[in-house]
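Some notes on the structure that comes next.
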Amino acid sequence: MIRDDLTQLIERAIKKAQKKGDLPQFDLPEVTIERPKEAAHGDYATPVCLGMARLARMAPVRIAERVVARMDRPDFIGSVAVAHPGFINVTLSDAWVAAQVETILQERERFGHVNLGGGRRVQVEYISANPTGPLTIGSGRNAVLGDTLANVLAAAGWQVQREFYVNDMGTQIELFAASLYARYAQALGHDEPLPEEGYPGGYLVEMGKEIAAEFGDRFLRMERDEAIRALRAEGLTRMLASIKADAGALGVHFDHWKSEQSLYDDSVYGTVFNKLSSEGWLVHREGAIWFRSDLEDRQDSGSGDEDRQREKREDKDNVVVRSDGRPTYFASDIAYVGDKLVIRGFDWAIYVWGADHHGHVSRMKAVTRALGLDPNRVTFILYQLVTLKRGGELVRMGKRTGEIITLREVVEEIGADATRFMLLTRSADSQMELDLTLAVQQSSENPVYYVQYGHARIASIFRYARERGVSLEGGDVSLLTHPAEQALIRQMIRLPEVVALCAETLSPHHLTHYAQELASAFHSFYKECRVVSDDPAHTELGKARLKLVLAAKTVLANTLHLMGVSAPEAM
RNA sequence: GCCCCAGUAGCUCAAUGGAUAGAGCGCCUGACUUCGAAUCAGUAGGUUGGGGGUUCGAGUCCCUCCUGGGGCGCCA
């Protein structure tokens with residue numbers, strides 16, 4: 001990336017200035033390159049000389065002048081300027097900018113990719129909603145974050161696996177099975193009450209009817225426990241199929257569905273448990289088995305580990321096995337992290353969790369450390385919960401309370417593209433309020449259409465060009481010197497930087513903002529510059545501009561696809 | 001009580017410690033007999049919740065207070 005080239009260019013210039021005696025000797029500070037907000041400040045800028053003022057005991061502007069004097073000028077540099085109070089502003093060469101159109105046309109769908117991952121393996125685990133009900137809009141935010149993050153990491157050179165963790169054992173699935181049994185029995189006319197704490201949602205009534213219609217009274221003729229066991233399996237299969245379909249409707253597909261139960265069946269849990277136990281991490285107390293966190297501080301004090309997430313250390317012990325012998329959810333999580341990092345050998349495991357699971361992060365980090373693994377190999381993306389309203393009224397929602405606004409409902413109302421874009425625009429840290437009534441009303445003015453319109457408009461230009469028999473063959477991109485053309489290309493070549501930013505900060509929402517800026521640059525260009533024209537004097541420029549808009553179409557499509565949004569040829 | 005996240009234009013939200021805090025929606029003014037007006041060009045709108053501090057420079061970092069959300073179970 002140009003940005004990295006610039007960093008090196010400036011670093012070399014500083015060292016050279018020191019060597020030649022223009023600047024005193026001091027340790028090089030980190031050279032940061034930023035994109036100035038003000039167009040007049042060029043394409044890139046660095047404030048590094050401001051920070052060097054004290055080290056060099058010189059005025060920042062003087063330092064900047066001496067650094068600039070020692071800078072090499074490779075072909076991509078247009079001009080370099082020093083600006084008060086000591087910025088170095090770099091403007092790219094217009095000729096080099098224009099030439100990037102050819103680069104984009106060569107790289108096509110790979111344009112925007114960067115190699116930060118170096119082929120290392122990362123697993124992104126997302127949604128992982130309990131398979132006891134349909135996906136909610138909250139799961140939608142999880143899905144969009146995780147899925148887009150996976151796209152971004154893949155574009156950033158990581159080998160990515162997308163995983164859905166299926167909680168197919170434990171209290172909730174038992175309640176689900178018992179609830180289903182009741183609904184099934186009711187469908188056959190029996191007066192079977194819903195269990196206490198059961199799932200009251202209407203979807204189970206439907207499922208009970210379906211199973212009754214398909215299997216008749218087969219399950220009623222069994223022992224009750226046996227029937228519930230059979231219905232649990234049947235219900236789980238149906239629920240997972242429904243979840244898969246709901247996720248698919250949003251364009252989300254998984255590489256692997258990991259069963260929680262399999263962690264026990266495949267003795268992953270046993271292996272991990274024995275390791276922790278033999279190393280003294282587990283303690284028996286009050287009839288239960290606890291993971292102790294008090295060992296932690298002694299273990300690696302001063303080890304200098306730099307957590308990506310500055311979490312508070314876990315300060316309390318947590319139950320792994322209940323006094324009745326049943327493992328807790330935490331027990332599964334322990335086995336699962338071992339499964340991810342050791343057995344399957346992922347270099348990095350990313351979990352996408354709602355903020356309500358925040359309290360579990362520190363104990364997961366603690367367990368990872370206890371297993372002798374680098375805690376930086378697990379990262380938790382926490383997103384703030386979505387509060388829902390309908391017509392201004394708060395909707396209290398939950399699978400266990402029965403009232404649900406399903407993801408499918410929203411996708412059917414406003415479409416997958418608008419849903420994804422809407423859920424992706426905000427950073428994960430911001431709590432969002434979603435009024436379904438308003439969202440439906442406003443879906444037609446969702447900015448996603450502005451971006452897609454740009455893509456469709458270009459497709460239309462090509463349809464028109466074909467009618468006129470105009471092609472881009474032999475187009476000379478060096479003719480692209482118009483300010484609107486240059487501005488558009490400058491936006492286009494930002495994509496790799498945006499991908500890098502999203503991957504480094506694990507915040508894919510930058511994509512939505514970039515997409516709008518890119519589309520805006522295109523629409524401005526379109527208004528100012530005629531692409532296809534009958535004017536003979538325009539022929540050469542027209543060919544060059546066809547190349548430009550094809551490149552723009554490519555970058556728009558790549559950006560949209562990273563977000564999991566379609567790039568329509570017409571709309 | 002303790003911990004985490006947030007508070008920025010009327011609304012929804014951006015802004016790797018940098019220059020004059022930006023978009024979209026909404027408001028107002030202009031632009032379609034030539035490639036798609038789901039568009040473009042422009043106007044208005046701000047004490048970045050309050051108060052201290054660090055820094056050459058703070059929306060961003062630290063302290064404190066206020067408001068909202070979430071967590072602190074042998075629940076998941």
Side-chain angles (χ1 to χ4, degrees), chain A residues 32-38 40-41 45-47 50-51 53-54 59-60 83-87 89 130 132 167 170-173 175 197 285-290 311-312 315-316 318-324 326-330 332 354-362 382-385 387 400 422 425-435 438 442 444-454 456-465 467-468 470 501 504-505 509-510 512-513 516-517 519-520 522-535 542 545-546 549 570-571:
Chain A
T32 56
I33 304 287
E34 56 198 39
R35 310 269 332 196
K37 292 168 190 158
E38 198 73 33
H41 295 146
T46 178
L50 294 166
R54 184 180 297 150
H84 189 77
F87 290 95
N89 294 335
N130 265 336
T132 54
N167 302 122
T171 316
Q172 296 312 313
I173 202 75
L175 283 168
E197 302 286 312
R285 194 194 310 149
E286 298 154 27
I289 300 173
W290 304 66
E311 287 301 329
K312 292 282 173 196
D315 57 0
K316 61 178 188 356
N318 291 281
V319 171
V320 178
V321 183
R322 299 178 180 93
S323 47
D324 65 5
R326 289 154 56 228
T328 62
Y329 192 86
F330 181 42
S332 301
D356 53 336
H357 286 70
H358 178 265
H360 297 176
V361 171
S362 56
L382 297 167
Y383 62 93
Q384 296 297 311
L385 301 181
T387 33
R400 292 152 85 173
M422 175 181 69
T425 308
R426 285 89 156 179
S427 81
D429 278 340
S430 81
Q431 50 197 70
M432 57 184 289
E433 194 172 89
L434 180 65
D435 190 316
L438 228 53
Q442 295 179 347
S444 62
E445 55 208 36
N446 190 307
V448 75
Y449 299 120
Y450 178 78
V451 182
Q452 290 180 316
Y453 182 59
R457 226 179 184 183
I458 296 174
S460 171
I461 294 174
F462 277 96
R463 286 191 290 268
Y464 182 80
E467 280 173 26
R468 298 299 177 106
V470 179
L501 175 67
E504 277 164 358
T505 59
H509 71 276
H510 296 292
T512 61
H513 296 275
Q516 292 178 74
E517 287 167 26
S520 171
F522 167 72
H523 288 307
S524 298
F525 156 82
Y526 180 83
K527 197 69 181 180
E528 282 202 53
C529 300
R530 182 80 200 179
V531 179
V532 180
S533 164
D534 295 329
D535 182 353
R545 283 183 174 165
L546 269 181
V549 296
M571 53 194 289

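Naming convention: chains lettered A, B, ... in sequence-line order (proteins, then strands); numbering from 1 in each chain.
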Worksheet entry | A/S524 side chain near B/A41 phosphate (N/O to OP1/OP2, under 4.0 Å) | yes

Worksheet item: With a centroid cutoff of 5.5 Å and a plane-angle limit of 30°, would you call A/F87 stacked on B/G18?
Response: no

Discussion item. Measuring only the P atom in each nucleotide, how far is B/U67 from B/G53? A whole number of Å is fine.
Written reply: 24 Å

Worksheet item: Out of B/G69, B/C13, B/G36, which nucleotide sits closest to the side chain of A/A570?
Response: B/G36

Worksheet entry | Selected nucleotide, minimal atom distance to A/R530 side chain, candidates B/U34, B/G73, B/A19 | B/U34

Response to the item:
When every non-hydrogen atom of A/R426 is compared with those of A/H509, the smallest separation belongs to O-CB, 3.7 Å

Worksheet item: Phosphate oxygens OP1/OP2 of B/A76: is one of them under 4.0 Å from a side-chain N or O of A/R322?
Response: yes

Worksheet item: Given B/A38, is OP1 or OP2 found less than 4.0 Å from the side-chain N or O atoms of A/Y449?
Response: no

Worksheet entry | Candidates B/U34, B/G73, B/A37 - which lies nearest the side chain of A/Y453 | B/A37

Worksheet entry | Base B/A76 paired with A/H360 side chain (donor-acceptor, <3.5 Å) | yes

Worksheet item: Using atom P of each nucleotide, how far apart are B/G51 and B/U8 to the nearest Å?
Response: 15 Å

Worksheet item: On a whole-Å scale, what distance lies between the C1' atoms belonging to B/G26 and B/A9?
Response: 12 Å

Discussion item. Give me the distance, rounded to whole Å, that separates B/G45 from B/G10 when you measure between the C1' atoms they each carry.
Written reply: 9 Å

Discussion item. Using the side-chain heavy atoms of A/R463, tell me which of these nucleotides is nearest: B/G24, B/U16, B/G36.
Written reply: B/G36

Discussion item. Any heavy-atom pair between the side chains of A/H41 and A/F87 that's under 4.5 Å?
Written reply: no

Worksheet entry | Closest nucleotide among B/A19, B/G36, B/C5 to the A/M571 side chain | B/G36

Fill in: Integer angstrom distance from the C1' of B/C40 to that of B/U64
49 Å

Worksheet item: What's the shortest heavy-atom distance between A/M422 and A/L434, and which atoms?
Response: SD-CD1, 3.6 Å

Discussion item. Whether A/Y450 contacts B/C40 is assessed here as follows: a side-chain N or O lying under 4.0 Å from the phosphate OP1 or OP2. Is that the case?
Written reply: yes

Worksheet item: Starting at CD of A/E528 and ending at C1' of B/A31, how long is that distance when rounded to a whole Å?
Response: 13 Å

Worksheet item: If we only count heavy atoms from C-beta on, is the A/T512 to A/P447 side-chain gap below 4.5 Å?
Response: no

Item to complete: Would you indicate, yes or no, if B/A14 has its OP1 or OP2 atom less than 4.0 angstrom from a side-chain nitrogen or oxygen of A/S427?
Response: yes

Response to the item:
Regarding the side chain of A/D429, the nearest nucleotide among B/A15, B/G71, B/C5 is B/C5

Item to complete: Output the distance between atom CG (A/N89) and atom CD (A/E38), rounded to the nearest 0.5 Å.
Response: 10.5 Å

Worksheet entry | Below 4.0 Å: OP1/OP2 of B/A19 and any side-chain N or O of A/K37 | yes

Worksheet item: Does A/H509 make a side-chain N or O approach to OP1 or OP2 of B/A15 shorter than 4.0 Å?
Response: yes

Worksheet item: Which nucleotide, in any strand shown, forms a Watson-Crick or G-U wobble pair with B/G22, with both distances under 3.5 Å?
Response: B/C13

Worksheet item: Rounding to the closest angstrom, what is the interatomic distance between B/U12 and B/U29 at atom C1'?
Response: 25 Å

Worksheet entry | Pair partner, B/G7 [Watson-Crick or wobble, under 3.5 Å] | B/C66

Fill in: B/G59 to B/G49 separation - P atoms, rounded to the nearest Å
10 Å

Worksheet item: Which is true for A/F462 with a 4.0 Å heavy-atom rule: it touches a base, it touches only sugar-phosphate, or it touches nothing?
Response: nothing

Discussion item. I'd like to check A/Y329 versus A/H360 (side-chain heavy atoms, cut-off strictly below 4.5 Å). Are they in contact?
Written reply: no

Discussion item. Quiz question: going by heavy-atom distance under 3.5 Å, is there a donor-acceptor pair between the base of B/A38 and the side chain of A/N446?
Written reply: no

Practice prompt. Please tell me which of the listed nucleotides, B/C5, B/U12, B/U39, lies nearest to the side chain of A/R426?
Written response: B/U12

Worksheet item: For B/C72, what is the paired nucleotide under Watson-Crick or G-U wobble rules, both distances under 3.5 Å?
Response: B/G1

Item to complete: Answer whether the closest heavy-atom distance between the side chains of A/T171 and A/R326 falls below 4.5 Å.
Response: yes

Worksheet item: Tell me: CD of A/Q516 to P of B/C40, nearest whole Å?
Response: 11 Å

Worksheet item: Looking for any heavy atom pair under 4.0 Å, which part of the strands does A/A456 touch: base, sugar-phosphate only, or nothing?
Response: base

Practice prompt. Check the distance between B/G22's P and A/H513's NE2 and give it to me in whole angstrom.
Written response: 15 Å

Worksheet item: For the side chain of A/E445 and the base of B/G24, is some donor closer than 3.5 Å to an acceptor across the two?
Response: no

Worksheet item: Are A/S430 and B/A14 close enough that a side-chain N or O sits under 4.0 Å from OP1 or OP2?
Response: yes

Worksheet item: With a 4.5 Å heavy-atom cut-off, do A/F462 and A/L546 have their side chains touching?
Response: yes

Worksheet item: Out of B/A76, B/C35, B/A19, which nucleotide sits closest to the side chain of A/V532?
Response: B/C35

Discussion item. Counting only Watson-Crick pairs (N1-N3 plus N6-O4 or O6-N4) and G-U wobbles (N1-O2, O6-N3), all under 3.5 Å, who is the partner of B/C40?
Written reply: B/G30

Worksheet, complete the sentence: Among B/C75, B/C40, B/C72, the one nearest any side-chain atom of A/H523 is B/C40

Discussion item. Does A/S323 contact B/C74 through a side-chain donor or acceptor facing the base, at a distance under 3.5 Å?
Written reply: yes

Worksheet item: Just checking A/N89: base, sugar-phosphate only, or nothing, at a heavy-atom cut-off of under 4.0 Å?
Response: base

Worksheet entry | Check: A/Q516 and A/V451 side chains under 4.5 Å, non-hydrogen atoms | yes

Discussion item. Just the rounded figure in Å: distance from P of B/C35 to CZ of A/R457.
Written reply: 10 Å

Practice prompt. Starting at atom CD of A/E38, determine the distance to atom C1' of B/G18, rounded to an integer number of angstrom.
Written response: 13 Å

Worksheet item: How far does the C1' atom of B/G73 sit from the matching atom of B/A15, given to the nearest Å?
Response: 40 Å

Discussion item. What's A/A288 touching, base or sugar-phosphate or nothing? Going by heavy atoms closer than 4.0 Å.
Written reply: base

Fill in: Value in whole Å for how far the C1' atom of B/U12 lies from CD of A/Q431
13 Å

Worksheet item: How close or far is atom C1' of B/A76 from atom CZ of A/R326, stated in whole angstroms?
Response: 12 Å

Worksheet item: When you measure from the side chain of A/K527, which nucleotide among B/U39, B/C35, B/A15 comes out closest?
Response: B/U39

Worksheet entry | Whole angstrom value for the distance that separates P of B/G71 from CG of A/L385 | 7 Å

